[in-house]
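In what follows, a structure is listed as structure tokens, so that the remarks can point back to it.
Each chain gets a letter, A, B and so on, in the order its sequence line appears, and its residues count up from 1.
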There are 2 protein chains.
Amino acid sequence: MKRIDWNALDEQGRSEALARPVQSRASELREGVSRIITEVRVRGDAALRELSAKYDRCALAALEVADDEFTAAEASLDPALKTAIREAAGRIETFHRAAALQPVGVDTAPGVRVECVLRPIQRVGLYVPAGSAPLPSTALMLGVPARIAGCREVVLCSPARADGRCDAAVLYAARLTGVHKVFKLGGAQAIAAMAYGTASVPKCDKLFGPGNAWVTEAKLQVSSEPDGAAIDMPAGPSEVLVIADVAANPAFVAADLLSQAEHGPDSQVILLSDSAALLDRVEHEVERQCAELPRAEIARQALAQSRLIAVASLAQAVEVSNRYAPEHLILQVTVPRRLLEGIACAGSVFLGAWTPESVGDYCSGSNHVLPTYGHARSYSGVSVASYQKQITVQELSADGLRGIGPCAATLAAAEQLEAHRRAVTLRLAELESMI
Amino acid sequence: MKRIDWNALDEQGRSEALARPVQSRASELREGVSRIITEVRVRGDAALRELSAKYDRCALAALEVADDEFTAAEASLDPALKTAIREAAGRIETFHRAAALQPVGVDTAPGVRVECVLRPIQRVGLYVPAGSAPLPSTALMLGVPARIAGCREVVLCSPARADGRCDAAVLYAARLTGVHKVFKLGGAQAIAAMAYGTASVPKCDKLFGPGNAWVTEAKLQVSSEPDGAAIDMPAGPSEVLVIADVAANPAFVAADLLSQAEHGPDSQVILLSDSAALLDRVEHEVERQCAELPRAEIARQALAQSRLIAVASLAQAVEVSNRYAPEHLILQVTVPRRLLEGIACAGSVFLGAWTPESVGDYCSGSNHVLPTYGHARSYSGVSVASYQKQITVQELSADGLRGIGPCAATLAAAEQLEAHRRAVTLRLAELESMI
């Protein structure tokens, strides 16, 4: 990890210190993904079979996971893992239900009722990657809020292994959360299938979930087309920023940094501290713990583009963190709530020594599908609201229209929209005539 | 308007009956917009001046509206219009405050606190078109929720007239809602300036507002780039769907249809009714009222691609409406709340005879920036939440980690993420050693 003194840097140096690994939308990637989408739109299931054979190296008979495959998956799983999945699902449900929106209504004037009602997005598509390892936790994070929202059709795609099966834990988690259909599809072709529909795969209104560069590019492309599908957010490689003071346990801080670094070579981890001694100790601990990891090689690549940054104060650490806008922010300081108020941009925040980021990844109840790559400046993580529409409703009584109609008519006239004006004045005249 | 009997149509006929006017992202449009964005990124303010001269036919000295221009604008306005703008802003504020999210917190297990806190998006960019007429109401719809959310910097762009000035009512509305900076910029160049920043225009995190095909394409392009800006939603031409029963007042229904039709030649209006007599009467009324409109020519073009559709029942009308997913949905039926429950997709709903769509456009308090073109299947209209991030926060006590740590460790092991597991088990071991 590169050691940096924030206050020794000029503006450009600071920008470089917080630069993320470049995510290019290279024209090769764009065109490759565009070709796959066209293939799937034109040739449907046949294209999906060919692309799965090519990219996932598996020959699929049925694209959809059959009932007996779910049963076999459940039977094959370690009971302790099933218990952990159910336990995690329960807490995810508790938090997501508590944080869900409620319908509201207010009279904005006498006889003018304005409400906001909630409706589920009808058909949603969830993507669960299975690159370096299967991710049953992602199936929970996407499936639980979809069920709470009440989406009518929940579709999940996850790539099959070479033996033509999906990971058993992913299937168990999908079924547990009430996903209606699971397809053995991965990559850009899975996204294309859910966005446009094929004979097997239902066309979905909105797509959710993380993925590699191909999946992300496919999500961007389908979300730009009027007949495509909406998406949860643009995704990028995972990242964590830790703010630690001199009292922090360096072994804990190092472990948290490494738990992000092991995600992939393009992950980034940043430590900010007002204590040079703490930075020294963490640097040493990262070296020591990294050597013991099975994914040490991946972690080392991520660490190569990571930073240990000395700041003048915890207040400055908050400023720097807001500028970076991390996906995960860990506050390993003596009174973390004192810093929370100043946090303007982050996906999810972890307070204190006993809150490793791993608990948010799995089972504290918060969602782990979060904005990365600076998108925490403008996006929120996945929630029940991501699966709903807020529809406004208004109802005026005759008196309500008498009260606010003239205001609408004046504004319509100013905007030279005469038909808008008449839709009001015609009714006001009718009310006059009724007296 | 084309007269259609829904139950005489096969599946393809039904799709055609609800087809919207094609919005192509023609390669000419894409490339033209892409060139403008590159120009603005590379040459900043100089490019903005040239593009304004070319497209808005005005020579701009300063790009930003100066204080004395706001003062002159306010002085020039009809007091009745100022009153109407203030009155509308007040009701928009009342509803948007009532519908705003609240922070929440819950213990998902003993010692496991999970919260959702709200933070404003720091810098937002609002776009107010001024094509056929100035739209002060749009400045209110975008500015009021930005102020309620507490965005630190609110920027607004609206094209100048040939005399180099922005519309006085737009300036008055912008200042009233607390917009910090207004720029005399329109089109794709305004979007590029707010997404990437120039010497004059601050770089914004998220962009809001309607616009023509160039503005919409520019918003799509900047939202696809990692260093661009998020956007509120993809926009399209305005539309309304009315469900009316035999008791509806045909003059009211016709007036509502025409108030959408006058928006532009690519607007679409649809009437569904279970009463052939009502369809006849409305058809006649549309003809009669349209002839009297100053924008009759525009309305007639929109009506050419609009539909009067006979359905078997109001229940079937709701089904058809959900399939279309209209931006505006008017229920001019005897008991409109009976249909509301079944409405699955719409931007905003208007109940009963005394609720013309115009009141929602201006001053009932709901927002008029709504998903069009079928996007109501997956998007919601603009609200305070559109200007905020929901950040999750978790804090575990030592006992909290003792309770849920093993669940996290089991899941991390199943996902072969050993560093994730150790970030938990290392802490659990520390807790053991402390006993």
Side-chain angles (χ1 to χ4, degrees), chain A residues 23 81 84 87 91 94-95 98-99 104 106 108 114 116 119 121 133 205-206 220 224 226 230 255-256 258-259 262 293-294 344 348-349 351 354-356 358-359 362-366 377-378 380 389-390 392-396 398 401 404 407-408 410-411 414-416 418-420 423-424 426, chain B residues 23 81 84 87 91 94-95 98-99 104 106 108 114 116 119 121 133 205-206 220 224 226 230 255-256 258-259 262 293-294 344 348-349 351 354-356 358-359 362-366 377-378 380 389-390 392-396 398 401 404 407-408 410-411 414-416 418-420 423-424 426:
Chain A
Q23 294 293 307
L81 178 55
E87 192 186 317
R91 277 194 294 275
T94 299
F95 174 68
V104 292
V106 65
T108 59
V114 188
C116 179
R119 294 291 185 270
I121 297 175
D205 300 316
K206 187 171 181 181
L220 282 176
S224 304
D256 290 340
L258 286 166
S259 74
E262 78 171 342
L293 291 176
S348 192
V349 187
L351 304 183
W354 308 113
T355 316
S358 305
V359 298
Y362 292 116
C363 63
S364 65
S366 67
R377 288 185 198 99
S378 46
S380 308
K389 294 153 298 186
Q390 301 172 52
T392 50
V393 178
Q394 44 251 292
E395 183 169 29
L396 274 62
L401 187 66
I404 77 167
C407 173
T410 301
L411 286 162
E415 296 188 354
Q416 298 163 39
E418 178 62 12
H420 283 63
V424 174
L426 185 104
Chain B
Q23 293 295 305
L81 178 56
E87 192 187 319
R91 275 193 296 274
T94 299
F95 174 68
V104 292
V106 64
T108 59
V114 189
C116 180
R119 294 290 184 271
I121 297 175
D205 301 315
K206 188 170 180 180
L220 283 176
S224 305
D256 291 341
L258 286 166
S259 75
E262 77 169 343
L293 291 176
S348 193
V349 185
L351 304 184
W354 309 112
T355 316
S358 304
V359 297
Y362 292 116
C363 65
S364 65
S366 67
R377 288 185 198 99
S378 46
S380 307
K389 295 153 297 187
Q390 302 171 53
T392 50
V393 178
Q394 44 250 294
E395 182 168 30
L396 274 62
L401 187 65
I404 75 166
C407 173
T410 301
L411 286 163
E415 297 189 354
Q416 297 165 39
E418 178 63 11
H420 282 64
V424 175
L426 185 105

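Only the side chain of B:Val106 comes within less than 4.5 Å of a heavy atom in chain A; its backbone stays farther off. Proximity to chain A involves both the backbone and the side chain of B:Val349, based on heavy atoms less than 4.5 angstrom apart.
Contact check for A:Leu401 versus B:Pro356: side-chain heavy atoms found under the 4.5 Å cut-off. Residues A:Tyr362 and B:Glu415 form a side-chain contact, since some pair of their non-hydrogen atoms from C-beta on lies under 4.5 Å apart.
Looking only at distances, no side-chain donor or acceptor of B:Thr392 sits under 3.5 Å from a matching main-chain atom of A:Ser348. A donor-acceptor distance shorter than 3.5 angstrom exists from the side chain of B:Lys389 to the backbone of A:Ala344, with no hydrogens or angles considered. A donor-acceptor contact shorter than 3.5 Å is absent between the side chain of A:Thr410 and the backbone of B:Leu81.
With sequence neighbours left out, A:Ala419 forms a side chain to side chain contact (heavy atoms under 4.5 Å, CB included) with B:Leu258, B:Ser259, B:Glu262, B:Leu293. Applying the side chain to side chain contact (heavy atoms under 4.5 Å, CB included) rule to B:Glu87 yields the partners A:Cys407, B:Arg91; only residues at least two apart in sequence or on another chain are considered.
If you tally non-hydrogen atom pairs under 4.5 Å between each of B:Ser364, B:Gly365, B:Cys116 and chain A, the highest count goes to B:Ser364. Contacts with chain A were tallied for B:Arg119, B:Lys206, B:Gln394; B:Gln394 has the most, counting heavy-atom pairs under 4.5 Å. The most heavy-atom pairs under 4.5 Å with chain A, out of B:Ser366, B:Ala98, B:Ala414, come from B:Ser366. Contact tally against chain A (heavy-atom pairs below 4.5 Å) for B:Pro226, B:Ser378, B:Ala255, B:Ala423: the top residue is B:Ser378.
Across all their heavy atoms, A:Leu411 and B:Ala84 have their closest contact at CD1-O, 4.0 Å.
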